[in-house]
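Throughout, numbering of the chain's residues begins at 1 and tracks the sequence. What you see below is based on every heavy atom in this structure, not just the backbone, and it leaves out hydrogens, waters and symmetry mates.
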Amino acid sequence: MKSINHWAYSIMLTVTLWMTLVSTQAIAICINIDIPDTPLYTFDDEGIFIQTHDGLELDANIFIPTGASEEDKRPAIIFINSWALNDNEYLAPAKRFAEKGYVVFSYTTRGFGCSEGKVSVVTDDDMSDLSSAVDYLDSLGFVDIDNIGASGISYGSGISLVGLAKEPRIKTVAAMSTWDSIVDSIYKDNTTRLAWGAVLVLSGEVIGNLDNEVRKVYTSILTNKNIDYVREWSAKRSPRSYIDLINERNAPVFIANNYGDGLFPPNGAMALYSKLTTPKHLELNQGEHATGELDGLLGLDSFTWTNAENWFDYWLKGDTSLNIPNERVFIETDLNKKREVYSQLPDEIADTQTFYLTPSGLLRDGSLSEQPYQGRETSNRIMAGIDSGAWSGIPILASIFDGNLGEPVTMRRLLFNSLAGQWYESPTLTQGMRIRGIPKLDLEVSSNTDHFQVVTYLYDIAPNGLATLINYAPYSRHDLERGENVQFTMELTAAAYDIPAGHKLAVVIDTFDLLFTPPSILPYSLNFHYSREFQPKIEIPVL
């Protein structure tokens, strides 16, 4: 599959975006839902709305448990929709919570679904809307105002987290497929996430009422211009900026993310978790953005949603029988879908295994050595902007196939174009390697133009030569002097992956992947430098 040309890539991307938009629109249309009442709850979706401070109406629905009254006040959960979806997104988990005695209020953020206004992304208006939702619950008379939680997936998770910092009546949140920093998610290491950025903007345009400022930010990212403005815009909308306020409140935080998340990579969720000093919970599942939470949205048994239920039962109902500790990290590994539990981030207790990158020759690949490079100063040159054969798979779908269907992205060495990339391979591993955390790569490169992009892939090489993708990451620069030597450290995406004994590890570096916007459409050359003074190396956290 990987030998297909870039026109075929473009077709794949177009089909992927089309499928995403169609499936999203099908569950984001402006309709009312009729759910029959049961002996455990009543449901209302008609005439339920939030009146905003600026005179808008936001569509909402509510589950009211039987017996809720001023004498028998109940805890409440506010669900906030994902990007381009609406208040009907959480009907299945909302019913489960209502059956357990919660008042469950879901609303559609401004600019989506039946809600009025424009989508401007976690602004003061969005915070005011969340406070208005709390006001509405308080006005009912049967809600325990001291025990209100908020939750959401993706877009809703960010509003929940920032709301936890700014709205003191929200006691705790469950933030799923969430982010730490918007700019680090869509423009980390100066590289535009093309596929996911296109999905967000196109779905916002087709389904929502997108604010002009969002278009301006995306255009700036695509063109690598006005980035200071982008960072300032992002900071106001990122949970990272409000960690101190959450910590001051000592508000409990539940975080879930996915290792294959191409929109909000797990590195951000891990960074967010590490900065919190509050009671906290983190789980990292396999799969693409929001797929770890999808089963619960469909009413199926769900590891994440069960944990979220227990979290709310503990903090909002005071159910101490659950014995939820203040700090726990669950990770789902690639090996038979097993989960491991830690009292802290695995990176913090992992050993670091270092491999030094050595240069390739005319008839040989580069290598990964446990010993520092001791040869003379030298370099390898590749043609940049040309596909090497290494790739991250079909955009968005690849992570779903890998993490959710057990079909990883693979390739063979024979299909690799050494003129367009560098291949570094370790000796056969006599012992298995349990990768747990964020690998970090140090490189020194120079370009014959004022920009470059490198995309690094980490592979597990089986004895038969089949290379299975573990993780990847890009790094770009747009402000160079021609020929300038640039030393940098880049983080790969966090991984939980077991390499069996008898396999090899490979680091493969090229300059093109369909997930990311290239710095130029014109080819250029890129040199990789090796010397005793600067040792190109990769550091891998292992347990």
- Message: Applying side chain to side chain donor-acceptor pair (under 3.5 Å) to Asp295 and Ser302, what does each step give before you reach the verdict?
- Response: CA-CA 6 Å; Asp295 45 7; Ser302 168; 3.0 Å; yes
Would you check if [X] and [Y] make a side-chain contact, meaning some heavy-atom pair closer than 4.5 Å?
X: Ile80; Y: Thr109; answer: yes
X: Ile243; Y: Leu276; answer: yes
X: Val199; Y: Trp83; answer: no
X: Tyr136; Y: Tyr107; answer: no
X: Pro65; Y: Val103; answer: yes
X: Asn250; Y: Pro279; answer: yes

Aromatic rings [X] and [Y]: how do their planes relate, parallel, tilted or perpendicular, breaks at 30° and 60°?
X: Tyr475; Y: Phe452; result: parallel
X: Tyr90; Y: Phe79; result: parallel
X: Phe254; Y: His281; result: parallel

Surrounding [atom1] of [X] (heavy atoms of other residues, nucleotides or ligands, distance under 6.0 Å), is the total greater than 12?
X: Arg169; atom1: CZ; answer: yes
X: Asp479; atom1: CG; answer: yes
X: Lys440; atom1: NZ; answer: no
X: Asp135; atom1: CG; answer: yes

In Å and rounded to the nearest 0.5 Å, what is the [atom1] to [atom2] distance from [X] to [Y]?
X: Asn257; Y: Phe264; atom1: CG; atom2: CZ; answer: 9.0 Å
X: Glu327; Y: Thr277; atom1: CD; atom2: OG1; answer: 10.0 Å
X: Ser115; Y: Asn81; atom1: OG; atom2: CG; answer: 7.5 Å
X: Asp87; Y: Asp45; atom1: CG; atom2: CG; answer: 5.5 Å
X: Leu515; Y: Ile396; atom1: CG; atom2: CD1; answer: 8.0 Å
X: Tyr187; Y: Arg193; atom1: OH; atom2: CZ; answer: 10.5 Å

Have [X] and [Y] got a donor and an acceptor in their side chains that come within less than 3.5 Å?
X: Tyr273; Y: Asp180; answer: no
X: Ser132; Y: Asp129; answer: no
X: Thr278; Y: Asn247; answer: no
X: Ser157; Y: Thr178; answer: yes
X: Asp313; Y: Tyr102; answer: yes
X: Tyr457; Y: Asp513; answer: yes

Flag, side chain of [X] to backbone of [Y], donor-acceptor distance under 3.5 Å:
X: Ser154; Y: Ser82; result: no
X: Gln353; Y: Ile435; result: no
X: Glu539; Y: Thr352; result: no
X: Ser120; Y: Asp211; result: no
X: His478; Y: Asn190; result: yes
X: Ser128; Y: Asp124; result: no
X: Asn267; Y: Leu492; result: yes
X: Lys317; Y: Lys100; result: yes
X: Arg249; Y: Leu164; result: yes
X: Thr66; Y: Tyr41; result: yes

I would like to know whether Asp146 and Lys171 meet side-chain contact (heavy atoms from CB on, under 4.5 Å); could you show each step before the answer? CA-CA 7 Å; Asp146 294 324; Lys171 187 175 183 178; over 6 Å; no
Minimum heavy-atom distance [X]-[Y], with the two atoms named:
X: Gly67; Y: Asp72; result: O-OD2, 3.5 Å
X: Ala76; Y: Leu137; result: CB-CD1, 4.0 Å
X: Ala94; Y: Phe63; result: CB-CE1, 3.6 Å
X: Pro439; Y: Thr493; result: CD-O, 3.9 Å

Is [X] salt-bridged to [Y], going by a charged N under 4.0 Å from an acidic O?
X: Arg436; Y: Asp351; answer: no
X: Lys118; Y: Asp125; answer: no
X: Glu213; Y: Arg237; answer: yes
X: Asp54; Y: Arg110; answer: yes

Across all chains, not counting sequence neighbours, the side-chain hydrogen bond (donor to acceptor under 3.5 Å, both in side chains) partners of Thr304 are Glu283, Asn285
Think Arg339 forms a cation-pi with Phe303, using NZ or CZ under 6.0 Å from the six-ring centre and within 45 degrees of its axis?
yes
**Study point:** Cation-pi geometry met for Lys216 and Tyr229 (6.0 Å, 45°)
**Key:** yes
Taken in chain and number order and not counting sequence neighbours, the residues that satisfy side chain to side chain contact (heavy atoms under 4.5 Å, CB included) with Ser177 are Ile153, Asn258, Asp261, His289, Ala290, Glu293
Which of Val183, Ile182, Asn226 passes side-chain contact (heavy atoms from CB on, under 4.5 Å) with Arg231? Answer is Val183
